[in-house]
Novice: 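Dumping the structure here so I can ask a few things about it.
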Amino acid sequence: MSSKCAAPTLPILRGSLRSYPANGHMSFVPQIRKLVFEYCDYWPSSAHTRTFLRKHVEQLARDNSHVEIIVKQRNYKQPIVRGFYMNGREKVVPLNGFEMTMVQQKVQLLLDASGSQIKPLKNRTVESFTESPRGIWSGLHVELFKI
């Protein structure tokens, strides 16, 4: 009788099957992790914010289950909403005097933002780490054009 020995197999551990979230072709990881609403019960500038919180914050929490939503009372201060992001930054948007639709738009702006700092697109200087193959141009070393 001859018996064949099978090669021993290693057990598959649950921790080795973990995939780490990353933005890519088939997946999207929202960058916001927490929204904090702060409002005053007494000031009229917080009236629309209070109405938004009473009517829409539950649905907002259901629609964005990946975001922790906190509502804090901040007496005698203007209403604000803070967005905390994965990269450690936070954005603060004042909500004083806004209608309910504007409050909703500002909250959506925070939900859609990446948390990175806004970089101006105009007037950016060109920086190069390598030297030009033709050298540095100077108007003093140009031959004069003769007619």
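Residue numbers start at 1 and run along the sequence shown. Worth saying up front: this structure is predicted, and the values here are computed from it rather than measured.
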Novice: Find the distance between CZ (Phe52) and CZ (Phe98) and round it off to the nearest 0.5 Å.
Specialist: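 Reported to 0.5 Å precision, the distance equals 13.0 Å.
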Novice: Please check: side-chain N/O of Arg74 versus main-chain N/O of Gln78, any donor-acceptor pairing under 3.5 Å?
Specialist: yes
Novice: Please round to the nearest 0.5 Å and tell me the distance separating atom CG of Asn64 and atom CD1 of Ile32.
Specialist: 8.5 Å
Novice: Compare every heavy atom of Tyr76 with every heavy atom of Cys40, then report the nearest pair and how far apart it is.
Specialist: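 It is SG-N, 3.3 Å.
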Novice: Check the pair Asn87 / Gln31 against side chain to side chain donor-acceptor pair (under 3.5 Å), numbers first and verdict last.
Specialist: CA-CA 8 Å; Asn87 60 0; Gln31 296 300 304; 6.0 Å; no
Novice: Any ion pair linking Lys77 and Glu38 (charged N to carboxylate O, less than 4.0 Å)?
Specialist: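 A salt bridge is absent here (no side-chain N lies under 4.0 Å from a carboxylate O).
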Novice: Same cluster or not: are Leu60 and Val81 linked, directly or through other Ile, Leu, Val, Met, Phe, Trp or Tyr residues, by side-chain heavy atoms under 4.5 angstrom apart?
Specialist: yes
Novice: Report yes or no: do Val107 and Ile70 belong to one cluster of Ile/Leu/Val/Met/Phe/Trp/Tyr joined by side chain heavy-atom distances under 4.5 Å?
Specialist: no
Novice: Quick check: closest heavy atoms across His48 and Met100, and the distance to 0.1 Å?
Specialist: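 Where His48 meets Met100 most closely, the heavy atoms are O-CG, 3.6 Å.
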Novice: With rounding to the nearest 0.5 angstrom, report the CZ to NE2 distance, Arg33 to His66.
Specialist: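 Those atoms lie 12.5 Å apart.
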Novice: By the definition side chain to side chain contact (heavy atoms under 4.5 Å, CB included), identify the one residue from Leu53, Leu95, Ile80, Asn75 that meets it with Tyr39.
Specialist: Leu53
Novice: Can you name the closest pair of heavy atoms from Leu110 and Tyr85 and give their distance?
Specialist: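 Looking at all heavy atoms of both residues, the shortest contact is O-OH, 2.7 Å.
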Novice: Measuring from atom CD of Gln59 to atom CZ of Arg62, what distance do you get when rounded to the nearest 0.5 angstrom?
Specialist: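 That separation rounds to 5.5 Å.
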Novice: Apply the test side chain to side chain contact (heavy atoms under 4.5 Å, CB included) to residues Gln105 and Val103: give CA-CA distance (whole Å), side-chain angles for both, the deciding distance (0.1 Å), then the verdict.
Specialist: CA-CA 5 Å; Gln105 286 177 359; Val103 171; over 6 Å; no
Novice: Nearest 0.5 Å, what's the CE-CD distance between Met102 and Gln104?
Specialist: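 Met102 atom CE to Gln104 atom CD measures 11.5 Å (nearest 0.5 Å).
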Novice: A quick test of your reading: do over 12 heavy atoms of other residues, nucleotides or ligands sit less than 6.0 Å from CD of Gln73?
Specialist: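 Count over threshold, so yes.
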Novice: Is Ser46 reaching over with its side chain to a backbone N or O of Tyr42, donor-acceptor style, under 3.5 angstrom?
Specialist: no
Novice: Restricting to non-hydrogen atoms, name the atom on Leu35 and the atom on Val67 that form the minimum distance, rounded to 0.1 Å.
Specialist: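 For Leu35 versus Val67, the nearest heavy atoms are N-CG1, 3.9 Å.
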Novice: Please walk me through it: do Asn96 and Trp43 pass side chain to side chain contact (heavy atoms under 4.5 Å, CB included)?
Specialist: CA-CA 10 Å; Asn96 49 333; Trp43 282 14; over 6 Å; no
Novice: Check the pair Arg82 / Lys91 against side chain to side chain contact (heavy atoms under 4.5 Å, CB included), numbers first and verdict last.
Specialist: CA-CA 6 Å; Arg82 293 176 193 268; Lys91 288 187 179 182; over 6 Å; no
Novice: Between Pro79 and Pro94, is there a side-chain heavy-atom distance shorter than 4.5 Å?
Specialist: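 No, side chains not in contact.
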Novice: To the nearest 0.5 Å, tell me how far Ser116 OG sits from Met86 CE.
Specialist: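 It is 14.0 Å, given to the nearest 0.5 Å.
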